[in-house]
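All values below come from the heavy atoms of this structure, side chains included, with hydrogens, waters and symmetry mates left out. Please read these numbers as outputs of a predicted model, since none were measured by experiment. Each ligand, and each atom within it, is numbered from 1 in the order the structure gives. Numbers here simply count residues along the sequence, with the first being 1.
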Amino acid sequence: MPRAALITGITGQDGAYLAELLLQQGYTVHGIKRRASSFNTDRVDHLYADPHQEGVRFFMNYGDMTDATNLIRVVQETQPDEIYNLAAQSHVQVSFETPEYTANSDALGTLRLLEALRILGMERKVRFYQASTSEMFGLVREMPQRETTPFYPRSPYGAAKVYGYWITVNYREAYGIHASNGILFNHESPIRGETFVTRKITRAVARIALGLQESFYLGNLDSRRDWGHARDYVRAMYLMLQQDEPGDYVIATGRQHSVREFVLRAFGEVGIKLRFEGEGLEEVGVVDEVDLPRFSAARRGDLAAELAADDGAAAAAGQAGSHPALIDGEGPVPPGSVVLRIDPRYFRPTEVESLVGDPTKARERFGWQATITFDELVREMVADDLVAARRDDLLSAKGFVVREFRE
Ligand code: NAP
Ligand code: G4F
C-alpha cells in the first residue's frame with residue numbers, strides 16, 4: 001500500500017509544491033480545498049486526474065479549518081499516515097483586518113486537527129507537520145533566530161501561529177503524537193500569492209517592462225527578510241516527518257536582504273537600473289539607466305539566451321536604438337521614469353523589521369540546506385512573470401480584455 005498524506009492548504013503555494021514532491025515519492029495525496037465561488041485550484045490543476053481512471057493518487061476534499069466535524073470526517077475517510085497542516089490565513093497585513101478569523105483558522109484550526117487525531121484514536125498512527133513561521137520571532141530577541149529564540153509576535157497572524165506552535169508541542173508531549181513544527185522563514189516562488197511583497201514586485205517589474213503599467217506602490221522598503229525558495233522548503237517539511245523522533249526546526253537560508261534590494265535586483269533582471277530619490281512617503285524609484293539588449297530580450301522573451309551570451313559583447317552590440325523592439329523611441333521606461341512610489345496603506349501597525357534564521361539544527365539532524373540562491377529565486381520569479389505579461393500583452397493586442405488584478 002502506498003503511504004497516504006493529507007495536506008490542508010493544498011491550493012496554496014506550499015501545498016502545490018509539497019503535493020508534487022509527495023506524488024513523486026509514491027504517496028497517495030489527499031488535499032483539503034475550500035469551496036469558493038470561482039475556481040481556486042490553479043496551482044494544483046496539473047496534478048489532477050480524473051478519479052474514474054485507474055491508479056489515481058491525487059484527491060481533493062472540500063473542507064475548512066473552521067469546521068471541526070468536517071476535519072474529523074476527512075481524516076477518518078482518508079486514513080493518512082502523514083498530515084501536513086499548511087492551511088492558514090497567511091497574510092500578515094490582512095490579519096490586522098481579520099484578527100478573529102485569523103485566530104480561528106490558524107490557531108484553533110490547528111487544535112481542531114490535532115483533536116481529530118485524538119477523537120479518532122489515531123495519535124500513534126499519524127505523523128503531523130505544523131506550518132509554523134519566523135513571524136513568531138517578530139520583535140526579534142537575537143540575531144540570527146534559532147529554535148531557542150523566544151517568540152515576540154507582532155501581528156494577529158504571528159500570535160495565532162504561536163498558539164499553533166505550542167498546541168502542537170503540547171499534543172506531542174501529552175499524547176505522544178509524532179508532531180513537528182517547521183519554523184519556516186519567508187519562502188517564495190513563481191506561484192507565490194500576488195499580494196506578498198516579492199511577487200508583487202516581480203509582477204510589477206514584468207508588466208512595467210512590457211508597457212502594461214507605468215508604476216506601482218509599496219510600503220516599508222527597509223524591512224529585511226531571509227528569503228528562500230518554496231521548492232527547497234517543502235523538502236524540509238517532508239524530511240521532518242521521516243525522522244524517528246519529532247522535533248521543531250528552523251528552516252532558513254541564513255542570509256537576509258531588504259525589500260529595497262529585492263526591488264533593485266528584480267528591475268536589474270530586465271535591464272533597468274533603478275535609483276531611489278526623496279525620503280519617507282515622498283521616496284520614489286526612478287529609472288537611472290536601461291541596458292537595452294537585456295531590456296529588449298526580456299520584452300521579447302529571449303532573456304535566457306541573452307544571459308547566456310557574453311555580457312560584454314552584448315553590451316557593445318547594444319547601442320541605444322539598435323534593437324528592433326525599441327527602434328521607435330526608448331521603450332516604455334526611458335531614464336527618468338518614476339516606476340515606484342510609496343503608499344502608507346502598505347505599512348503595518350506593528351512591523352517585523354528584520355528576520356534571519358539559523359538552520360544548523362535541520363542541517364545536522366537530516367542534512368537539509370537551501371539549494372536555490374536569492375539571485376536564482378528573483379530570476380525565476382521575474383522570468384515567469386514576464387511570460388504572463390507577454391501573454392497579457394498579446395491578448396490585449398488581439399482585442400481581448402485583460403484584467404490587471406492589482407491590490
Ligand atoms: P498560501 O499560499 O496563502 O496558502 C494558504 C492555503 O491555506 C491556501 O490553500 C488557502 O486556501 C488555505 N486556507 C486558508 N484559510 C483556510 C481555511 N479556513 N480552511 C481551509 N483552508 C484554508 O500560504 P503558503 O505560502 O503556501 O504557506 C503555507 C503555510 O505555511 C501557511 O500556514 C503559512 O502561514 C505558513 N508559512 C508560510 C511561509 C511563507 O513564506 N510562504 C513562511 C512560514 C510559514 P485558498 O487557496 O482557498 O485561499
Ligand atoms: O511579503 P510579505 O507580506 O511577507 P511577511 O509579512 O514577511 O509574511 C510572509 O512570511 C512569513 C514568514 O516570516 C509567513 F509566515 C507569512 O505567512 C507570509 O508568508 O511582507 C514582507 C515585508 C514586510 O516587512 C512588509 O511590510 O515586505 C514589506 N512590504 C513593503 N511593501 C510589503 C509591501 N509587503 C506587502 N505584502 N505589500 C507591500 O506593498
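For the pair Ile32 and ligand 1, the shortest N or O to N or O distance does not fall below 3.5 Å. On a distance-only criterion, Ser134 and ligand 1 share no N/O pair closer than 3.5 Å. Of the N or O atoms in Gly12, one or more lie within a sub-3.5 Å distance of an N or O in ligand 1. For a threshold of 3.5 Å applied to N or O pairs, the pair formed by Asp64 and ligand 1 contains at least one separation below that value.
Shortest contact from atom 36 (N) of ligand 2 to any protein heavy atom: Thr195 O, 3.0 Å. Here the heavy atom of the protein found nearest to atom 9 (C) of ligand 2 is Asn186 ND2, 3.6 Å. Closest protein heavy atom to atom 11 (O) of ligand 1: Thr11 OG1, 3.3 Å. Considering only non-hydrogen protein atoms, atom 26 (O) of ligand 2 sits nearest to Glu351 OE2, 2.6 Å. At the top of the distance list for atom 22 (C) of ligand 2, counting protein heavy atoms only, stands Ser223 OG, 3.6 Å. Nearest protein heavy-atom contact of atom 20 (O) of ligand 2 is Arg348 NH2, 3.5 Å. Closest protein heavy atom to atom 30 (C) of ligand 2: Asn220 O, 3.2 Å. Nearest protein heavy-atom neighbour of atom 15 (N) of ligand 1: Arg34 NH1, 3.4 Å. The nearest heavy-atom contact from the protein to atom 8 (O) of ligand 2 is Val92 CG2, 3.6 Å. In terms of protein heavy-atom proximity, atom 23 (O) of ligand 1 is closest to Ser90 OG, 3.5 Å. Closest protein heavy atom to atom 29 (N) of ligand 2: Val197 CG2, 3.7 Å.
For the ligand labelled ligand 2, residue Gln93 lies outside the 4.0 Å heavy-atom shell. Heavy atoms of Tyr157 approach ligand 2 to within less than 4.0 angstrom. Residue His187 places every heavy atom at 4.0 Å or more from ligand 2. Within the structure, the closest approach of Tyr157 to ligand 1 falls below 4.0 Å when heavy atoms are considered. The closest approach between Thr8 and ligand 1 stays at or above 4.0 Å for every heavy atom of the residue.
Under 4.0 angstrom from ligand 1, the non-hydrogen atoms of His187 come from both its backbone and its side chain. Proximity of Arg192 to ligand 1, defined as any heavy-atom pair under 4.0 Å, is confined to the side chain (atoms from C-beta onward). The proximity of Ser132 to ligand 1, defined as any non-hydrogen pair under 4.0 Å, is limited to the backbone. Of all the heavy atoms of Ala88, the ones lying under 4.0 Å from any atom of ligand 1 are found in both the backbone and the side chain. If you look at Arg192 next to ligand 2, the close heavy atoms, those under 4.0 Å, all belong to the side chain. With a 4.0 Å cut-off on non-hydrogen atoms, Lys161 touches ligand 1 through its side chain and not its backbone. Contact annotation for Tyr101 and ligand 1: only side-chain heavy atoms (C-beta onward) come within less than 4.0 Å of the ligand. Counting heavy atoms under 4.0 Å from ligand 2, residue Arg225 touches it through the side chain alone.
Using a 4.0 Å cut-off to heavy atoms of Gly219, the atoms of ligand 2 that qualify are 30 (C), 31 (N), 33 (C), 39 (O).
Between Tyr171 and Phe128, the distance separating the two ring centers is not shorter than 6.0 angstrom.
Judged as a side-chain hydrogen bond (donor to acceptor under 3.5 Å, both in side chains), and not counting sequence neighbours, Glu123 has no contacts.
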Under 3.5 Å, side-chain donor or acceptor atoms of residues 160-169 against the rest of the protein: list the pairs with distances, not counting sequence neighbours.
from   : atom 1 : to     : atom 2 : distance (Å)
Lys161 : NZ     : Ala131 : O      : 2.8
Tyr165 : OH     : Asp248 : OD2    : 3.4
Thr168 : OG1    : Gly164 : O      : 2.7

